[in-house]
Amino acid sequence: SSKPAQKSKAKRDAAPASRFEGHYFEEELFDQTKLATQPLTLNKPKQNSKSATATPPAHAPALPEVPLDSDIDEKYARTVRAKRLEWFLTDEGVFHRCACFGISRQEFETWSAKFANAASHNKIKRLEPANLIPLLARDGMDEFDNFIVNQFFAYLAAEAPGVVKNTKFLREITDLRYPNEWGSGARTMQRRIIMHVGPTNSGKTHSALQRLQSAKSGIYCSPLRLLAYEVYNRLTTAGIPCALITGEDRRLPDFEKIGIEPTGYLITGQAVSGIMSCTVEMASNNPYHVAVIDEIQMIADRSRGWAWTNALLSLRANEIHLCGEPSAVPLVKRLCASLDEEVEVHEYSRLGKLEVSPDSLEGKWSNVQKGDCVVAFSRKDIFIIKDTIEEATGLRCAVIYGGLPPEARVEQARLFNDPDSGYDVLVASDAVGMGINLTINRVVFTTLSKWDGSVVRPISVSQTRQIGGRAGRYNSGVDGGKVTTLVASDIKNLDKVMGFQPHSLRAAGLKPPAETIEVFSRQFPNTPFSQLWSMFRDIANVGDDYFLCNFRDQEAIAEAIGHLRLSVKDMYQFIYAPVNCRDEIVKQCLVECATAVARNMECRVTKVIRLPLNTPVTRRQLMTFEHWHRAITMYLWLTFHFPETFTQYEEALMLKSQCEEIIKTGLSAYNSKERASRSLGLPDAKSSSDSESAEVDSTLENKYAMGLEHKARALEKLRKSAGI
């Protein structure tokens, strides 16, 4: 029988049944146009001011080099906290953020000092060093500053509620502590939660999919479009009618071709399929017998974790199978306990042998062998490495990276897997970590660090193990797999990380519901949406088992289209579009599309998409088509969210297919005339990007262009100059 969860409600203080019931707050809290007419005096707090009675935290030691996430401990967390509290007290931008809520200079000086002293003396639980370890392991320094500001507002709400006008009301409408109450449909049923956990290549996902295939109705939630396509093709090939839904593609099975009757029909006459394969963001609220959520550890991802949280809490399925790493088990158990649901855990061991080779490539590309996958972390380095390996060994290289369309990645994987294709080596980014079956003998890391958008940091334990685990796929004909590095000095760290189990996940990602943002926006009229978004982040009230996902991309989108007269509802839709604002082509298309919505005009695909006429033969030309492919993908996504405006879905699909064929042709015809003058040592980690599709300028090619015989010396020189 069903047992709706009631525990969290019982723990609440007396509050309305819904935070949106009753009347809205009548008074506008702050008019930003009035605030703008009174320029802020953004001076640093005076240390001799009477209001700044508390001194900054004890002298903060120099921040050490970013460690492996497995090495982040309380000592490191305490050092980071001291350093960032010092920043909090003196940074003018922090005061500006507080002033948006009506906090005066004097109030800020007084209460920021008290807050910093309380935090440094471990009087604020969520800022205690032990509780900061998972935050620093997940986000590094990137989101830590925002977390401090958020905790300052929580401190004010408890210690000085009069400082921020109507604090109680603001904390109520931004209350995200009980997301387990959002999926009301799922709360009416008692679900069975089964976790399949183990390392890469252990058969955990295969077991869950076997159960899905035997179900009368079900859904597969994928982390990638590529995986959604793969499961869709797998089920369809097995004669099981399966629908496909991703952000830009929706396909129904051909029941007549398969020779199976549909499970039913919609009122429109459209046939209904009982099984669906989708990206996790597109999971529907329909009832199912079986649901499979893949890569459940991504529930803690700083950008996309909210989608896994929504799926786990809201899917209406009798059985939910979760596949992923053992690190997710404690968190999932806590979340499910809040729903009065128990969790079964099935553990799996790796099916094939995997070992860290004691021998590196010794900095020599000539040591690359047939069946190797060479891993780098920027698109530019991937192509340089491809050229260099082909020159040094005579082996042809396929390439896989995030910027390639899924169809092109599948084609490159096919070439690498086919022993008769002539492509014997794969050069790939971290996109190779999941989503494609590859016959890899050995994974070679060119570096164990990458640029995360603000600092060079080691790649995570989870990511290293996932990428390395791609070697020696079971039933691929490979007798075990090996993992190694380009240079000998990285072997020790690689061996350590491959043998380390990732820390248990501590929190699941969230995004605020659209209605929450709408209510919040009414309290701050005339405030730009990008600023409104960051203000919400600062004051939101989030429970211990959750965190707000990174708003960086959403703020960038909001800033790009903030000048347009869009409703809050429409703006909310746009900020979650598949857009990287660092991509100027896609950004320009975004502005044109948003303009059409703002003006209530039809937007034809040919108006915003303008593919070049010539087939790409250079890296830069190929990248241009990759940008246009992402723009087409955005248009297709918009056809499902604004169908009245973006009406040319079929035409956009044809254009997408045309672009994909051009990219495949371009990869085959890639112009390598410059290879003769090019040579490479170690890719500079600073040239890598947190988004593998973004190309970051690198001077490596010019500084270290030399003969193969000098590679080892160039390597050591570069490592020293990069401080690695």
Side-chain angles (χ1 to χ4, degrees), residues 29-30 35 40 42-47 49 51-58 60 77-78 80-129 131-132 135-136 139 141-177 507 510 512 520 523-524 531-544 546-548 550-551 555:
L29 295 184
F30 302 103
L35 186 62
L40 298 169
L42 299 178
N43 298 318
K44 291 186 179 181
K46 298 176 182 179
Q47 295 304 314
S49 169
S51 61
T53 53
T55 58
R78 190 176 294 109
V80 173
R81 183 185 66 182
K83 197 76 174 176
R84 302 324 293 165
L85 285 174
E86 184 178 325
W87 160 85
F88 170 79
L89 287 170
T90 58
D91 187 80
E92 295 177 345
V94 173
F95 171 63
H96 196 157
R97 289 162 70 171
C98 294
C100 290
F101 291 94
I103 299 176
S104 69
R105 166 66 71 183
Q106 184 177 4
E107 289 170 331
F108 176 76
E109 290 183 8
T110 299
W111 290 103
S112 63
K114 290 181 179 180
F115 165 76
N117 269 350
S120 62
H121 287 88
N122 294 330
K123 294 181 180 179
I124 299 177
K125 181 180 178 182
R126 297 186 74 174
L127 289 176
E128 292 176 1
N131 294 328
L132 293 177
L135 173 68
L136 292 169
D139 297 335
M141 300 292 290
D142 196 33
E143 286 298 302
F144 187 65
D145 292 347
N146 290 330
F147 185 70
I148 289 178
V149 176
N150 176 269
Q151 289 305 294
F152 175 57
F153 278 98
Y155 177 81
L156 289 179
E159 302 294 331
V163 172
V164 176
K165 189 177 181 181
N166 298 301
T167 301
K168 183 178 179 181
F169 178 71
L170 285 176
R171 297 284 285 178
E172 180 181 325
I173 64 175
T174 60
D175 188 353
L176 305 179
R177 290 176 297 167
L510 290 178
F520 186 72
Q523 318 312 317
F524 301 93
Q531 181 182 343
L532 192 75
W533 201 245
S534 63
M535 289 171 65
F536 184 93
R537 175 194 59 209
D538 286 345
I539 204 168
N541 190 5
V542 182
D544 289 345
Y546 299 95
F547 68 94
L548 269 182
N550 190 313
F551 284 1
E555 289 176 14

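Since the structure is predicted, the reported quantities are computational estimates derived from the model, not experimental observations.
We find the CG-CG distance between Leu170 and Asp175 to be 12.0 Å, quoted to the nearest 0.5 Å. Note: Thr174 OG1 to Asn541 CG = 6.0 Å, rounded to the nearest 0.5 Å. Rounded to the nearest 0.5 Å, atoms OG1 (Thr167) and CZ (Phe169) are 12.0 Å apart. Between the CG atom of Leu532 and the SG atom of Cys100 there is a distance of 10.0 Å, given to the nearest 0.5 Å. A distance of 8.5 Å separates CD1 of Ile124 from CD of Glu159, quoted to the nearest 0.5 Å. Expressed to the nearest 0.5 Å, how far CD of Glu109 lies from CG of Leu89 amounts to 10.5 Å.
Side-chain contact between Val80 and Leu132 is absent, with no heavy atoms from C-beta onward closer than 4.5 Å. Residues Arg126 and Phe147 form a side-chain contact, since some pair of their non-hydrogen atoms from C-beta on lies under 4.5 Å apart. In this structure, Phe144 and Leu135 have side chains that are in contact, with non-hydrogen atoms separated by less than 4.5 Å. Using a 4.5 Å heavy-atom cutoff, the side chains of Leu548 and Pro512 are in contact. Counting heavy atoms from C-beta on, the side chains of Phe108 and Val163 never come closer than 4.5 Å.
Proximity of a side-chain donor or acceptor of Asn131 to a complementary backbone N or O of Lys125 within less than 3.5 Å is detected. Side-chain N or O atoms of Asn150 include one that pairs as donor or acceptor with a backbone N or O of Ala540 at under 3.5 Å. Under a 3.5 Å cut-off, the side chain of Gln151 and the backbone N or O of Ile148 do not form any donor-acceptor pair. In this structure a side-chain-to-backbone donor-acceptor pair under 3.5 Å is present from Arg81 to Ala119. Using modelled atom types, one side-chain atom of Thr90 and one backbone atom of Glu86 make a donor-acceptor pair closer than 3.5 Å.
Contact record, Ala77 with Leu136: CA-CD1, 3.7 Å, taken as the closest heavy-atom pair. Scanning all heavy atoms of the two residues, the minimum distance from Ala158 to Pro161 falls at O-CD, 4.4 Å.
For Arg105 and Phe95, the positive end sits near the middle of the six-membered ring, less than 6.0 Å away and at most 45° from its axis.
No hydrogens or angles considered: nothing links the side chains of Gln531 and Ser534 as a donor-acceptor pair under 3.5 Å. Between the side chains of Asn550 and Arg537, no donor N or O sits under 3.5 Å from an acceptor N or O. Between Asn166 and Arg171, the side chains place no donor N or O within less than 3.5 Å of an acceptor N or O (distance only, hydrogens not considered).
Annotation: Phe153 is in aromatic contact with Phe101 [ring centroid separation under 6.0 Å].
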Test log, rule side chain to side chain contact (heavy atoms under 4.5 Å, CB included), inputs Trp87 and Val94: CA-CA 9 Å; Trp87 160 85; Val94 173; 3.5 Å; yes
Check against side-chain hydrogen bond (donor to acceptor under 3.5 Å, both in side chains), Ser104 and Glu107: CA-CA 5 Å; Ser104 69; Glu107 289 170 331; 3.2 Å; yes
Check against side-chain hydrogen bond (donor to acceptor under 3.5 Å, both in side chains), Asn146 and Arg97: CA-CA 11 Å; Asn146 290 330; Arg97 289 162 70 171; 3.1 Å; yes
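Ring geometry, Tyr155 versus Phe152: the interplanar angle falls under 30°, so the pair is classed parallel (tilted spans 30 to 60°).
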